[in-house]
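Chain letters run A, B, ... following the sequence lines, proteins first, then strands; residues in each count from 1.
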Number of protein chains: 2
Amino acid sequence: MDPFMQAAIDEAKQGLAEGGIPIGSVIVHRGQIIGRGHNRRVQQGSAVLHGEMDALENAGRQPASVYAESVLYTTLSPCAMCSGAILLYGIPKVIIGENQTFLGEELLLRGRGVDVQVVQDASCVEMMRSFIANSPELWNEDIGET
Amino acid sequence: MDPFMQAAIDEAKQGLAEGGIPIGSVIVHRGQIIGRGHNRRVQQGSAVLHGEMDALENAGRQPASVYAESVLYTTLSPCAMCSGAILLYGIPKVIIGENQTFLGEELLLRGRGVDVQVVQDASCVEMMRSFIANSPELWNEDIGET
């Protein structure tokens with residue numbers, strides 16, 4: 001396992017242990033993690049801190065030159081909000097744990113020139129499958145579905 | 001002036017008074033403001049709390065049915081991140097103060113069926129023009145530019 005994807009999975013597991021939605025993310029700049037995070041909907045009552053957003057927030061204010069050399073790892077295909085954040089900051093590469101339980105805006109990202117790679121990791125799929133089966137209403141809230 | 005756009009402008013002015021980036025937003029559900037906010041980059045060291053995101057965060061966790069009946073007001077054309085959040089939550093209508101100093105992802109929003117209206121308010125234009133002239137580096141950081 002890529003150690004950065006493992007770090008994103010560890011974030012997701014920490015979120016689950018906190019009673020939250022198990023999606024994690026890390027942002028890597030020149031081989032170093034500069035921000036890590038996980039979904040905070042339950043823990044902070046947050047509507048904007050998806051895993052990727054939390055990692056961006058925890059990376060703090062950065063100049064465009066840092067984002068331009070960064071890779072974002074996320075356990076799940078990024079939704080429209082998180083994909084938009086990737087585009088805003090010009091992050092050129094995104095490594096995704098899986099897109100079987102939720103397919104985000106990968107086409108939009110690729111269409112704007114982002115290098116999008118999907119690992120399709122079985123443990124990421126199982127983590128989300130189990131969570132969605134147990135908490136369908138919470139999951140729907142997180143992705144803006146009825 | 002539409003009172004909801006005025007409320008968004010008031011948020012932007014509050015942000016400016018705090019030493020921040022003067023962009024404000026409110027979310028209106030059935031004629032009531034359910035969330036209001038302004039850019040928090042300077043005040044909170046935030047990379048994700050643009051005005052629209054701050055308004056979404058302050059509206060708190062909401063079901064899709066609430067977003068589906070909401071209108072988002074923002075003083076400035078929404079960037080990719082904020083537009084993505086609008087798409088994630090299925091907000092059907094966005095009223096924009098101006099898009100002369102920054103043109104966000106209005107085409108993407110319209111292409112996905114969002115009703116986008118631009119007021120082109122002179123006071124919104126002047127507020128951003130003055131801010132960008134005074135703080136070009138801060139502004140570039142906020143929109144991911146070098």
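- For the residue pair L56(A) and A47(B), the shortest heavy atom distance occurs at O-CB, 4.0 Å.
- Cluster membership for L16(B) and I9(B), using ILVMFWY side-chain heavy atoms within less than 4.5 angstrom, is not shared.
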Taking only distance into account, so ignoring hydrogens and angles, what donor-acceptor contacts under 3.5 Å exist between chain B and chain A?
unit_1  : atom_1 : unit_2  : atom_2 : d
R41(B)  : NH2    : Y89(A)  : OH     : 2.5
S46(B)  : OG     : E57(A)  : OE1    : 3.0
S46(B)  : OG     : E57(A)  : OE2    : 2.6
A47(B)  : N      : E57(A)  : OE1    : 2.8
A47(B)  : O      : Y89(A)  : OH     : 2.5
V48(B)  : N      : E57(A)  : OE1    : 3.3
E57(B)  : OE1    : S46(A)  : OG     : 3.0
E57(B)  : OE1    : A47(A)  : N      : 2.8
E57(B)  : OE1    : V48(A)  : N      : 3.2
E57(B)  : OE2    : S46(A)  : OG     : 2.7
R61(B)  : NE     : E141(A) : OE2    : 2.7
R61(B)  : NH2    : E141(A) : OE1    : 3.2
M81(B)  : N      : G84(A)  : O      : 3.4
G84(B)  : O      : M81(A)  : N      : 3.4
Y89(B)  : OH     : R41(A)  : NH2    : 2.5
Y89(B)  : OH     : A47(A)  : O      : 2.5
E105(B) : OE1    : R112(A) : NH2    : 2.9
E105(B) : OE2    : R112(A) : NH1    : 2.9
R112(B) : NH1    : E105(A) : OE2    : 2.9
R112(B) : NH2    : E105(A) : OE1    : 2.9
E141(B) : OE1    : R61(A)  : NH2    : 3.2
E141(B) : OE2    : R61(A)  : NE     : 2.7

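- V119(B) and M128(B) end up in different hydrophobic clusters when Ile, Leu, Val, Met, Phe, Trp and Tyr side chains are linked at under 4.5 Å.
- Contacts between I86(B) and chain A at a heavy-atom distance below 4.5 Å are absent for every atom of the residue.
- Scanning all heavy atoms of the two residues, the minimum distance from L88(A) to A80(B) falls at N-CB, 4.0 Å.
- Annotation for L103(B): atom CG counts as buried by contact number, over 12 foreign heavy atoms lying within 6.0 Å.
- Cluster annotation: F4(B) and V114(B) are assigned to distinct hydrophobic clusters (Ile/Leu/Val/Met/Phe/Trp/Tyr, side-chain heavy-atom contacts under 4.5 Å, transitive).
- Neither the backbone nor the side chain of I91(B) has a heavy atom closer than 4.5 Å to any heavy atom of chain A.
- Across A64(A) and G144(B), no two heavy atoms sit closer than the pair CB-O, 3.4 Å.
- V71(B) and V26(B) fall within the same hydrophobic cluster, where Ile, Leu, Val, Met, Phe, Trp and Tyr residues are linked whenever their side-chain heavy atoms come under 4.5 Å apart, directly or through other members.
- Cluster annotation: L109(B) and V118(B) are assigned to the same hydrophobic cluster (Ile/Leu/Val/Met/Phe/Trp/Tyr, side-chain heavy-atom contacts under 4.5 Å, transitive).
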